[in-house]
2 protein chains.
Amino acid sequence: MSPRPKGRTIKSDLRERIIEAAWEQISREGAPALSLRAIARDLDIAAPSIYNYFVDRDALVTALILEAYESLALHQKMANDALPVQDLHARLVSIGNAYRDWAVTYPQRYLLIFGTPIPGYVAPLETIAPIAARSLHALISVVESFHLAGRLKVANLDDQTIAVLIWTRVHGLVLVEITNNLPPISPSGSQLFEIEFRLIVDQFFVD
Amino acid sequence: MSPRPKGRTIKSDLRERIIEAAWEQISREGAPALSLRAIARDLDIAAPSIYNYFVDRDALVTALILEAYESLALHQKMANDALPVQDLHARLVSIGNAYRDWAVTYPQRYLLIFGTPIPGYVAPLETIAPIAARSLHALISVVESFHLAGRLKVANLDDQTIAVLIWTRVHGLVLVEITNNLPPISPSGSQLFEIEFRLIVDQFFVD
DNA sequence: TACTGTAAGCTAACACCAGTAATTAAGAGG
DNA sequence: CCTCTTAATTACTGGTGTTAGCTTACAGTA
């Protein structure tokens, strides 16, 4: 219709600055400590102004979760695409390493997505589910490729289930590492990851 | 030295009632929503009275975490002791099932222990670590028994590492289940657990 | 019995939080 | 120039953890 009024397009880009400040705060203090008023202080604005851009705190959290999934999915895709299609083993390892790297680089984002839900927050599944699925897509497609190549060791499980199991194994390991719940006697997170990933490959795929 | 004054021992047992109310609240609303004032309302006392029994909110949380670990460790021990010492496979399965059962029965307690830390809370490791270790004890001892019986399939990993890996697998699965992060297409939590546990046994132990 | 000290409750208050209502300043379009 | 909309503001409500200071009841002692 009518061209976007200039005032709007030029508009202060405050929405993005709010999200940026929120990330800044999350990486410092963790997701559950996210405070609209602290964001407002950081940005030198009045707290209620945030409500011009997000209907409430949950809406902001949802936006952050979407961004985090987006980032994770992108890293997965890059790790996957970085290697030749036919080298399934290399692609699998690349995906796995990229997954852990992302998690330990952005532990608070990882926890925001997969950790204990924030007190009052309930994720709008219909918004998040599609993009959440995308972060598993690279893994599923590699498993399917192994299957098509006849290189699956387990015959009685379908590809999706295998992918989910691989994911929960990696997820559990990564989560334990970034929440500092590794037993003190155990090997380091990265060592353990390497061992576990070898075991995963060994159990499911002909190398 | 001098005998505990009667007034103290008879004392209102308020401390236990606070903890009880806290559990009640946690199972309803989840750990991060725990509120001292809400507890006080439930018990018809003034909020600051709680500070007679816990130096601050974190101290209460620590007490709750200890109780939760205690309960988990006890369940593990019972599951372990319920079966003959020599039937390693049965004991392992029993431990595994008990672990998941406990987690799905008390999801909020499980999340309290292993989930995203509560906003300001930092766990006093020296208090928690010993009892936390106990909840892995049953598993470690079974793995050691398998080792002594010469029934370990993997030769290059020590018992502790194997136990930790088994735990992180089960942990990841259980956590994904109770935080509702299972991909919609995947099998149910209990089915997945059964599959995964079979894979675990198959990979590490001679049956 | 009367006195004293302490433990454990209380109210009041502070500083923070999310969110709402009402108001103002500024700019766009007629 | 006037009006309408948008995005900012301040003021406020009701929630949170926590501290300070007061009060009450009771144990131990003289």
Side-chain angles (χ1 to χ4, degrees), chain A residues 1-19 21-22 24-26 28-64 112 117-123, chain B residues 1-19 21-22 24-26 28-65 112 117-124:
Chain A
M1 308 299 186
S2 68
R4 213 70 164 302
K6 193 166 134 236
R8 287 262 207 77
T9 54
I10 295 287
K11 182 183 65 175
S12 55
D13 72 337
L14 193 47
R15 194 193 135 94
E16 284 170 35
R17 285 168 54 217
I18 289 169
I19 289 187
E24 217 275 310
Q25 213 179 302
I26 282 180
R28 274 206 327 267
E29 315 262 359
L34 187 66
S35 150
L36 298 187
R37 307 190 89 97
I39 293 173
R41 273 195 300 274
D42 282 1
L43 298 178
D44 252 308
I45 59 172
S49 301
I50 296 176
Y51 290 84
N52 287 324
Y53 301 92
F54 301 94
V55 309
D56 56 11
R57 190 168 160 283
D58 287 6
L60 172 57
V61 171
T62 300
L64 296 171
L112 174 65
I118 297 185
Y121 182 76
V122 282
Chain B
M1 306 307 177
S2 70
R4 212 87 158 291
K6 193 166 134 236
R8 287 264 206 75
T9 54
I10 296 287
K11 183 183 64 176
S12 56
D13 73 336
L14 193 46
R15 194 192 135 95
E16 283 170 34
R17 285 167 55 217
I18 290 170
I19 289 187
E24 217 274 310
Q25 213 178 302
I26 283 180
R28 273 204 329 267
E29 316 261 357
L34 188 66
S35 151
L36 296 188
R37 299 186 105 105
I39 292 173
R41 275 194 300 274
D42 282 1
L43 297 178
D44 252 309
I45 59 171
S49 300
I50 296 176
Y51 289 82
N52 288 323
Y53 300 92
F54 301 94
V55 311
D56 56 11
R57 190 168 159 281
D58 286 5
L60 172 57
V61 171
T62 300
L64 295 171
I65 289 179
L112 175 65
I118 296 185
Y121 183 76
V122 282

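Below, all heavy atoms of this structure are taken into account, side chains as well, without hydrogens, waters or symmetry copies.
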Gap between atoms CG and C1', on A/Leu34 and C/dG19 respectively (whole Å)
15 Å
Rounded to whole Å, the CG-C1' distance (A/Asn52 to D/dA7) equals 5 Å
Does B/Ser49 place a side-chain N or O at less than 4.0 Å from the phosphate oxygens OP1/OP2 of C/dA8?
no
Is there side-chain contact between A/Leu34 and A/Leu112, with at least one heavy-atom pair below 4.5 Å?
no
Would you please test A/Ile45 and A/Ile50 for side-chain contact (heavy atoms from CB on, under 4.5 Å) and show each step?
CA-CA 9 Å; A/Ile45 59 172; A/Ile50 296 176; 4.2 Å; yes
Given D/dA8, D/dA11, C/dT11, the nucleotide with the shortest approach to the side chain of B/Ala46
C/dT11
May I ask you to verify if any side-chain N or O of B/Ser35 is less than 4.0 angstrom from the OP1 or OP2 atom of D/dT16?
yes
Rounded to whole Å, CG of A/Asp44 lies from P of D/dA8 at a distance of 13 Å
Within the structure shown, what part of the strands sits under 4.0 Å from A/Ile39 by heavy-atom distance: base, sugar-phosphate, or nothing?
nothing
What about B/Arg37, does its side chain sit under 3.5 Å from the base of D/dG15 through a donor-acceptor pair?
no
Within this structure, what is the CG-to-P distance between B/Leu36 and C/dC17, rounded to whole angstrom?
18 Å
On DNA chain D, nearest-nucleotide positions of B/Arg41 versus A/Ala47: which is more 5'?
A/Ala47
Under 4.5 Å between any side-chain heavy atoms of B/Ile19 and B/Tyr53, yes or no?
no
Within the pair A/Tyr53 and D/dA8, is there a side-chain N or O less than 4.0 Å away from OP1 or OP2?
yes
A/Tyr51 has an atom OH; how far is it from atom C1' of D/dC12, in whole Å?
14 Å
Taking atom CG of A/Leu14 and atom CG of A/Asn52, what is their separation to the nearest 0.5 Å?
8.5 Å
Evaluate the side-chain proximity of B/Val61 to B/Phe54: yes if any heavy-atom separation is below 4.5 Å, no if none is.
no
Integer-rounded Å distance: D/dT18 C1' and B/Asp58 CG
12 Å
Separation of C/dA18 P from A/Gln25 CD (nearest whole Å):
9 Å
Between CD1 of B/Ile50 and C1' of C/dC10 the distance, given in whole Å, is 14 Å
